[in-house]
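Numbers restart at 1 for each chain; the letters A, B, ... are given by sequence-line order, proteins then strands.
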Amino acid sequence: MEEQEHAHPRYILIWVILLVLTLAELGYAFLDLPKVVLAVGLVFMAVWKAVMVAMYYMHLRYEPARLWILAISPLPLAVILVLAVMSEFR
Amino acid sequence: MSQGAVATMDRKPMPGMMVYNKKLGMWVFLLSEVMFFTSLIGTYVILRFAHPDHWADVGLVLNVQLTALNTFFLICSSVTMVKAFAAIQEGNQKGLQMWLLATILIGASFVGIQVYEYMALTGEGFVPMLDSYHAVGRGNPHEGPSLGGPLYGATFYAMTGFHGAHVSIGVLCLIFVYVQSLRGVYTADNHEGVEVIGLYWHFVDLVWILLFTIVYLI
Amino acid sequence: MSTTTATETHAGTAEHHELSFVRKYIFSTDHKMIAKQFLFAGLMFLALGGLLAVMIRWQLGFPGRPLPVFIQWIFPDTMAPGGIILPEFYNSLVTMHATFMVFFALMPLMAGVFGNLLIPLQIGAEDMAFPRINMASFWIMPVAGFIMLASFFVEGGAAGAGWTSYAPLSTSGEWTGVYMGQILWLISLIVLGFSSILGALNYVTTVMNMRAPGMTWFRIPLATWSIFVTAWLLLLAIPILTGGLILLLADQTLGTAFFRPEGSGEPLLWQHIFWFFGHPEVYILILPAMGFVSEVIANRSRKPIFGYHSMVIAMVSIGFLGWVVWGHHMFQSGMNPLLGMTFVVTTVVIAVPSAIKTFNWMGTLWRGNIHFDTPLLHAVAFVALFIIGGLSGIFMASAPVDIYIHDTYFIVAHLHYVLVGGSLFGIFAGITYWYPKMFGRMMNEGLGKVHFTLSFLFYNMAFFPMHNLGVQGMMRRIYDPNQYEYLQGLQPLSTFISISIFLFATTQILFAFNFLWSLRAGKVAGNNPWKSCTLLWTTPSPPPHGNFPEMPIVYRGPYEYSHPDREEDYWPQDEPPETSEAGGQLAAAPSPEPVPGD
Amino acid sequence: MNFFWRMGMLLAGMLTVVIVLWVITGPSWTDLSWVMPDNTVSTFGPTLDNLWLIILWVTGIIFVVTEITLLVFMVKYRHKEGRKAEYIHGSNNAEIVWTTVTFVIVMALAFYSKGLWDEIRDPNLIPADAYQIQMLASQFEWNATYAGADGLFDTADDFISRNVLHIPVDRPVVVQLMAQDVIHSFFLPEFRVKQDAVPGMITPVWFEATRIGEFTLACAELCGLGHYTMSGTVIVHSQADFQDWLAQQQAAAEDD
Ligand code: HEA
Ligand code: HEA
Ligand code: CUA
Ligand SMILES: [Cu+2]
């Protein structure tokens, strides 16, 4: 069966990656860098982790394409809202 | 096309999304959760952008070490959750029960630690209320660093509080699934319930990953 | 037709499992019963919202005069001493009128009733994907409604900060004199949000996953399409409101300062959150009506809908565009003026899909064979009035013109043209059209026509002159316009409007009577009184539990009316194509095999 | 007479009623003052009303054409025994035509609006030499603060005018809007000016009076119980009178 084939991504490996990224974030957050650089780096790592969870633990990677298109559909709305309102406080 | 061909036509519904209803339903529900957290996180981002002076430097007010531990817990609970699912996919009911129990315990400790954190923080004057915000900071080494303002407290509790509520609801649902698993409800070909609650659980974990970064680290 | 007979046999089998009264009528999980529950609850709230509106109009038509006859004794001195409506009560009336109408009357009547009734029946499913969640979705609604109603009776009265509840006015009783009422308003809407989300996730899942074989995306009837798009809007917009309401509630009760400037909170942030929800919300309130109207117009003019694909595309694009226009409610709010033009452009672009829909309805009537039944009259009235409401939207969409007409009765006119002329007439079309399927009987045609004609007349007499009030500069949410000298000359017009509304409201008694009377005494409808093509009408009226005897197979689109090669002027979606002798075109009828991509 | 004819007559009757009402309420069709308050008070008035009128023409024509078409279709294609509707699924050409036409019309309106919007609201286009007034809105009054002789705010010679806004004619005025408690909206109907005053923000709004006289100042945003009473007056002085008035107020202010 299709599903069985992919049933077990390397859960433990992903877990290790998540932990390493978390540690990396912790270290990076206390570096003496400009705020923007910090923020961008941290958000990058956080998103990376989030994507890992969605892809492997939530099995999005093994789902039909139509499901993951559905899954990301609200994200543009979130971005539009936040960006537009931020422009309020240039 | 002849009448005969029509008569033997397969009466199966359209393939649709090619996932079963409950799973699709959960995904659709999670999309609405995305929007819910968008409103909270968006509020945070916007208020912080508008009033940076209300935020303290990293680690000055919030206990990053403790929360890092909690983050670790939640990530672990995601692993135990997928393990539980993997077990029942192979028909291993004992494995399912064990991993579920582990998930429940870790999830509950997350909530416990969060409650402890809240008590400690409110004790230090880090509260959401406008009138009584007077964060003292931890260890406060420097001379006069900013300890933030009430928006810091308010957005903090709004985001982490609603996340905590989601974890608690998740734990309750997991307990339900656990009881069902003890009764032997789930088998190698019937484990929709486990997968669906797993999706919810991982989503909550995913939200925490984002929250931890933007609330505690940035 | 073989299907019909098969269905009737099935109706017999449905009697096998007798359900207890409670399981059948109260905690029912059958989508058709839930639709009826929504219908009755929604109509009650509609009547309530209408009563509040009538009181608003009393004050505006006859400012400072005691309410007539016995009505003046109903209200305690905190609301209307001696029958004279107090300013604070007026504010509550306006707020609660809009709240009940929008959240408790129109949303349940559209998505609740017709989402539940139509989706499974039109796509050939036996029920919703999650019947029990569906039941919960209904029962949460009256609970929320009860909380909202209770707020009239607490100290300080019901919420009075407008249905938009702008912060900081709504954040503290200090500003309005309403403490508990505002809190209950927030709680009620938070609770109601769950109802909408649960309903919406059910609709989405059902449409995506439970279509009968052959029911490809482009064979779905437009009513189901419209509710599908609406469900997406609900799903993504309601949580935004819920989040905002929770923060506002915290400002009220905990003393946080998300939206309170004393603590550097941002009042405009609330407006952004509210309207980011609010604009999709107004499309939630009209898209289903557009679906009903498409259905009725195609059927009653016995013609395929004009441009089915572009109708679908238009609805989907209205759904998308609805997300990026919210700023048009905030042109004068102090919002960054540079955002203004962005929102002007996105807003006017919505006129394009709306134009597609309007002209396609007209195209459907064109060269049709129009039967003037009550549903058709309401449907055509919808088109006529939606055009007026939509065109007045164009005035406000132009930001500089909006400077003058913002917060005047021009807006009130616009919103009632789209919401009453549009949505409410759409609902009337829907109810009169699907009533036979729901209850097995027809509504009285003569009474229906009288109700329609009078409603249409009084409706326009009431709301059209409001445009005039608006451009004369009369502000909305004003307890007594005569405070302003330049508005005093408008009092006769206001009185005229009020009298028209009283007539309009009285006319609705005809509808209520017709509705209730026909439940028992209406003509028995039969399976397919309108000779419609959709699967819905292949079932008995009302359909049994489980709807279809066996899963139907769909062979063609939903609007195959007046096909030249057929004697009957309609061609049901599930009628198997004839053998190839019937003509080359027929043999090539779309295959029922699922197409990839579905 | 069949039902639909009666309907048509009702509709026609209704239209007549409306038109008659409009005609008798106002003296003429070209002069807008019968629909709107006099617009010759500020520099924006005529331009803004002009744009309104353009939109009225555009939408008015669309309105008449679409509604009449609807009526004609209803009459012409009404059910007749034995006639069958035509089996038409649509027309790509027609769709393309009305989509593009609508798009072009609304885009034209949008960009036509842009000019006026920028003129009124673009913060960079506020005239530099405009006369500055601070306006603090509170429940339920308008407090206009004038800078006094030194031209600076927050100094001893500032003075406040309550519920009456005095401005000079023919000179741009910037009102810096503030609010003490809740949101109010600064609305001058005759000037075609409206801008919300939001607590915690300072929102500039500028205009130029072109006529001497007394006009209405209204609050257009629901601000609580007394919202409907929150009215004031705008008095437009000649420039000389305005200077006199200023001097007089200053003297009074210094006296206390
Ligand atoms: C069902 C509800 C509904 C619908 C469908 C709409 C549709 C539209 N609305 Fe409306 N609106 C409301 C409900 C609705 N609105 C409510 C409730 C408020 C007030 C909220 C409050 O403050 O309390 C409001 C307020 C409101 C405002 C804010 C005004 C203000 O407060 O100052 C604006 C501004 O742009 C606006 C614009 C529009 C536009 C451009 C459309 C368009 O979608 C209309 C498009 C349709 C057409 C244009 C007609 C058909 C098309 C043709 C015939 C083709 C030819 C047309 C042209 C070439 C122009 N609306
Ligand atoms: C959602 C839709 C909706 C509907 C349907 C209505 C319907 C009506 N509205 Fe309302 N209204 C709003 C939404 C709606 N309104 C909103 C959003 C606002 C803005 C609020 C704000 O400023 O915050 C507003 C504001 C508003 C105002 C402005 C108040 C002010 O600014 O001071 C006025 C004034 O005239 C008014 C009047 C009316 C009238 C007379 C009706 C009439 O059409 C009502 C007629 C209906 C009935 C009389 C009931 C009929 C009953 C049945 C059909 C039931 C039959 C029963 C059974 C079968 C059991 N409304
Ligand atoms: Cu101030 Cu209304
Ligand atoms: Cu809008």
Under 3.5 Å, side chain of D:Trp117 to main-chain N/O of C:Leu338, donor-acceptor pair present?
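No; judged by distance alone, with no hydrogens or angles, the pair does not exist.
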Side chain proximity check, [X] to [Y], heavy atoms < 4.5 angstrom:
X: D:Leu225; Y: C:Thr176; result: no
X: C:Tyr486; Y: D:Phe215; result: no
X: C:Phe359; Y: D:Thr66; result: yes
X: D:Thr99; Y: C:Val352; result: yes
X: D:Val193; Y: C:Ile403; result: no
X: D:Ile88; Y: C:Phe306; result: yes
X: C:Tyr404; Y: D:Trp52; result: no
X: D:Glu95; Y: C:Asn360; result: yes

Interatomic spacing from CD1 in C:Ile387 to CD1 in D:Ile62 - rounded to 0.5 Å:
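That separation rounds to 9.5 Å.
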First locate atom OH of D:Tyr87, then atom NZ of C:Lys303, and finally report the distance between them rounded to the nearest 0.5 Å.
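Result: 11.5 Å between the selected atoms.
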D:Lys114, NZ: over 12 other non-hydrogen atoms inside 6.0 angstrom
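No, because the 6.0 Å sphere around NZ of D:Lys114 holds 12 heavy atoms or fewer from other groups.
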Crowding at CZ, D:Phe140 (>12 non-hydrogen neighbours, <6.0 Å)
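Counting neighbours around CZ of D:Phe140, more than 12 heavy atoms of other residues, nucleotides or ligands fall under 6.0 Å, so yes.
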Under 3.5 Å, is there a donor-acceptor pair linking the side chains of D:His89 and C:Glu560?
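Per modelled atom types, D:His89 and C:Glu560 side chains form a pair under 3.5 Å.
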Residue pair C:Phe372, D:His79: steps toward the side-chain contact (heavy atoms from CB on, under 4.5 Å) verdict:
CA-CA 8 Å; C:Phe372 285 85; D:His79 171 67; 5.8 Å; no
Parallel, tilted or perpendicular: rings of D:Tyr228 and C:Tyr479 (30°, 60°)
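C:Tyr479 vs D:Tyr228 ring planes: perpendicular.
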Which atom names give the shortest non-hydrogen contact between C:Met362 and D:Thr69, and what distance separates them?
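For C:Met362 versus D:Thr69, the nearest heavy atoms are CE-CB, 3.6 Å.
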Shortest non-hydrogen contact from D:Ala110 to C:Val348?
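The answer is CB-CG2, 4.0 Å.
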Structural part of C:Ser333 lying under 4.5 Å from a heavy atom of chain D:
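For C:Ser333, heavy atoms of backbone and side chain both lie under 4.5 Å from chain D.
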Tell me, side chain or backbone of C:Ala314 under 4.5 Å from chain D's heavy atoms, or both, or neither?
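Neither the backbone nor the side chain of C:Ala314 comes within 4.5 Å of chain D.
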